[in-house]
> 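After the structure tokens below, expect a handful of questions from me.
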Amino acid sequence: MKLDGIGADYHFMILAAMWPNDRQIAMSGLRQSSLADAFRFSLHDGERGIFSMASRANNGGDLGFEADLFKAADKLRGVLEPSDYKHVALGLIFLKYISDAFGEHHAQLEQEDFADPEDPEEYLAANVFWVPPEARWEHLQANAKRPQITFTDVNTGKERVGDIGNLIDNSMDSIERANAAVLKDVLPKEYGRPQLDKTMLGELIDLFSKVGMHSADGKSKDLLGRAYEYFISQFAGAEGRRGGEFFTPRSVVQTIVEMLEPHHGRVYDPACGSGGMFVQSERFIENHQGRRSDIAIYGQERNHTTWKLCKMNLAVRGIDADIKWNNEGSFLNDAFPTLKFDYAMANPPFNISDWWQPQLEGDVRWKYGQPPSGNANFAWLQHIIHHLAPRGTAGVVLANGSMSSQQSGEGDIRKAMIEGDVVDCMVALPGQLFYSTQIPACLWFLARDKSANGHRDRRGEILFIDARNLGHMADRTRREFSEADVATIADTYHRWRAKPDAGLSEYQDVAGFCRSATLDEVRKHGHVLTPGRYVGAEDTEDDAVPFAERFAALTATLEDQFNDGDRLSALIRDKLAMVRADD
């Protein structure tokens, strides 16, 4: 039993201020406003009157040099807003990456008898970006601290004088012109603007110069690619709600990818943000000894700035993808109207209300019912189903309301989807997983044919997983899934859909966590898909202690805790009296 609340916090805030000198509590570094969080009077069974310090540890997962590099780079930011600094830092990491990759291939060509290291065609054949001499990292590094630099403007062909910011912009222009098929209008070119501290730019170049493209162990771990991905996540956290527009937390993406297992075929994301779904898909293939060439990647993004981030993110990873941008977005201007995909993965914006246009009336995508003009959740689901191949599967992040809402015909659309047997699995997520919102979300897993793809015939069934109790706090405001949490969710899904001869252990319902329900059961719940309605309560172990005995012990413990509380209250009154007497 634990009594832990406002009264206990109040006691400690007073005690911390008036504790006798010989029994002071070390509170250096604690903000006054965090006293109630940091010190709590926790009354546990057998743990009476103990001060407990709330953990402030950042359990952010397996982070190596990326975290240290970001901290060092962030110190150079000064007064620049994270939303502006993001493009400065990420652009330079990208420039360093392609220059390193170029340099590595350049050195290989120098060892070949009939190769020309300065022939751009040699790099095109190896899927390496050609970097002109004026854009190579060593040229930037050599000029990073010079206040005045003379260089040839690649756009005009004329000599000009500028600073390191102008030189970086010129390098970006040069690389875009040399690799226009992939990088046209992608790279940031605002380093020369007066608002940017040129000393900061020089120091950033020095900082990133210390990071090589590959690790020393020879395993070709892409250090700069890892740094780029980590920087994106940290900028998303710094920008809060705005950050969620371009970044989906890694553990959420990993859960979707591990459940869908995109080994081969076409992979699609209609609201791809900075490309995290694609990066994780490639990583999944590599981790399972597959080949990158086995999948083809397609994406669409409405925000032009985010589209640039995605293009650079994939280029840094060496991922070839067809990523489209237009102002209208996937509903009004579908970039792949006739293509069907084997896998779709998406984290579309939740509950958007300004998406509808008259030309969407009667669209072929609304197979299960026309979505309401005030909420696009079921428009996203139906858009994705429309684009699935006959054996395609999808994983979609949506707000919790999509599982139960009856407003504006949403309940009817959900019912039609359930009766159409395209809903394969529902996963309830805990709160605080996302940068853009603190509300809990859910995962929809869809399948065009639940009897196909080498799995067992699961038509007429839906798997419900309640993962709300999984995860750990990565910091004060955000939760993350661990690798074990992701494996627990994904393995449950795999065992449920596997054939008996697949070599996996047999699926079993687990009270409070997962349950396989029939369509008849879902009908009885009014076609509501909230997992909590189906999985039931978690089984509790019986400790074999009779209730009367347990109750007596708890009563005695509670009485002791009341006595301790009275003693502390008396002490506070005495201290308050002393303060009044001194006045």
> Set out, in order, the CA-CA distance, both residues' side-chain angles and the distance that settles side-chain contact (heavy atoms from CB on, under 4.5 Å) for Lys86 and Leu309, then state yes or no.
CA-CA 10 Å; Lys86 169 179 65 189; Leu309 286 180; 4.2 Å; yes
> Can you find a heavy atom in the side chain of Arg266 that is under 4.5 Å from one in the side chain of Ile295?
no
> Quick one: do the Ser482 and Asp485 side chains pair a donor with an acceptor below 3.5 Å?
yes
> Compute the centroid of each ring, for Tyr534 and then for His525, and state whether the two points are separated by less than 6.0 Å.
yes
> Quick check: does any side chain N or O of Ser402 sit under 3.5 Å from a backbone N or O of Leu398, one acting as donor and the other as acceptor?
no
> Just do the side-chain contact (heavy atoms from CB on, under 4.5 Å) check on Asn347 and Val252 with the steps written out, would you?
CA-CA 9 Å; Asn347 176 22; Val252 176; over 6 Å; no
> Which distance, rounded to the nearest 0.5 Å, do you find between the CG of Leu339 and the NE2 of His387?
8.0 Å
> Are any non-hydrogen side-chain atoms of Arg414 and Leu529 less than 4.5 angstrom apart?
yes
> Using a 3.5 Å distance criterion without hydrogens, assess whether the side chain of Gln382 forms a donor-acceptor pair with backbone atoms of Tyr368.
yes
> Checking the side chain of Lys340 only, and the main-chain atoms of His386 only, is there a donor and an acceptor separated by less than 3.5 Å?
yes
> Just verifying a value: how many Å separate Thr530 OG1 and Met403 CE, rounded to the nearest 0.5 Å?
4.5 Å
> Side chains of Ile384 and Trp444: does their closest heavy-atom pair fall under 4.5 Å?
no
> Are Phe278 and Leu314 side-chain neighbours, meaning at least one heavy-atom pair lies under 4.5 Å?
yes
> With side chains defined as the heavy atoms from C-beta onward, is the minimum distance between Met417 and Leu381 less than 4.5 Å?
yes
> Between OG1 of Thr306 and CG of Asn313, what distance do you get to the nearest 0.5 Å?
11.5 Å
> Run through Val257, Ile285, Ile256, Asp294 and flag the one making a side chain to side chain contact (heavy atoms under 4.5 Å, CB included) with Pro262.
Val257
> Using ring centroids (six-membered ring only for Trp), state whether Phe445 and Tyr493 fall under 6.0 Å.
yes
> Pick out which of Arg448, Arg459, Lys450 makes a side chain to side chain donor-acceptor pair (under 3.5 Å) with Asp421.
Lys450
> Contact between Glu480 and His472 at the side-chain level, heavy atoms closer than 4.5 Å - yes or no?
yes
> May I ask you to check whether over 12 heavy atoms, not counting those of Asp322, lie within 6.0 Å of atom CG?
yes
> To the closest 0.5 Å, what do you measure between CG (Asn375) and OG (Ser353)?
8.0 Å
> Are Phe331 and Trp380 an aromatic pair, judged by ring center distance below 6.0 Å?
yes
> So, Asp509 side chain and Ser516 main chain: donor-acceptor pair closer than 3.5 Å or not?
yes
> Could you go step by step and tell me if His383 and Asp334 meet the side-chain contact (heavy atoms from CB on, under 4.5 Å) rule?
CA-CA 9 Å; His383 172 88; Asp334 188 351; 3.5 Å; yes
> Measure across Ser251 and Val486 and return the closest heavy-atom pair with its distance rounded to 0.1 Å.
O-CG2, 4.0 Å
> On a heavy-atom basis, which atom in Thr393 and which in Ala447 lie closest, and how many Å separate them?
CG2-CB, 4.1 Å
> Please check if atom CZ in Arg495 has more than 12 non-hydrogen atoms from other residues, nucleotides or ligands closer than 6.0 Å.
yes
> Establish, from distance only, whether the side-chain atoms of His527 and Glu419 form a donor-acceptor pair under 3.5 Å.
yes
> Using the side-chain contact (heavy atoms from CB on, under 4.5 Å) rule, take Arg468 and Phe513 through it: C-alpha gap first, then chi angles, then the decisive distance, then the call.
CA-CA 9 Å; Arg468 290 177 296 173; Phe513 178 66; over 6 Å; no
> So, Gln300 side chain and Asp269 main chain: donor-acceptor pair closer than 3.5 Å or not?
no
> Can the ring centres of Phe336 and Tyr298 be said to be less than 6.0 Å apart?
yes
> Is any NZ, NE, NH1 or NH2 atom of the basic residue among Arg458 and Asp424 found under 4.0 Å from an Asp or Glu carboxylate oxygen of the other?
yes
> Does Arg456 make a cation-pi contact with Trp496, if we ask for NZ or CZ under 6.0 Å from the ring centre and within 45° of the axis?
yes
> Testing the basics here: between Phe481 and Pro430, what is the closest heavy-atom pair and its distance to 0.1 Å?
CZ-CD, 3.6 Å
> Considering all heavy atoms of both residues, which atom of Val427 and which atom of Pro531 are nearest to each other, and what is their separation?
C-CG, 4.4 Å
> Is there a side-chain contact between Asp491 and His494 (heavy atoms, below 4.5 Å)?
yes
> Got Val396 and Leu443 here, is their nearest side-chain heavy-atom distance under 4.5 Å?
no
> Side chains of Asp520 and Thr518: do they bring a donor and an acceptor to under 3.5 Å?
no
> Would you give the length of the straight line joining atom CZ of Arg365 to atom OG of Ser330, rounded to the nearest 0.5 angstrom?
8.0 Å
> Is the side chain of Asn377 donor-acceptor paired with the backbone N or O of Asn351 at a distance under 3.5 Å, no angle test?
yes
> Can a side-chain donor-acceptor contact be found between Gln280 and Glu258 if the only test is distance below 3.5 angstrom?
no
> Nearest heavy-atom pair of Met259 and Ile489: which atoms, and what distance?
SD-CG2, 3.7 Å
> On a heavy-atom basis, which atom in Val535 and which in Arg515 lie closest, and how many Å separate them?
CG1-N, 3.9 Å
> To the nearest 0.5 angstrom, please state how far the CZ atom of Phe464 sits from the SG atom of Cys514.
12.0 Å
> Without swapping roles, check the side chain of Trp307 against the backbone of Arg302 for a donor-acceptor pair under 3.5 Å.
no
> Has Glu410 got a side-chain atom pairing as donor or acceptor with Ser405's backbone, closer than 3.5 angstrom?
no
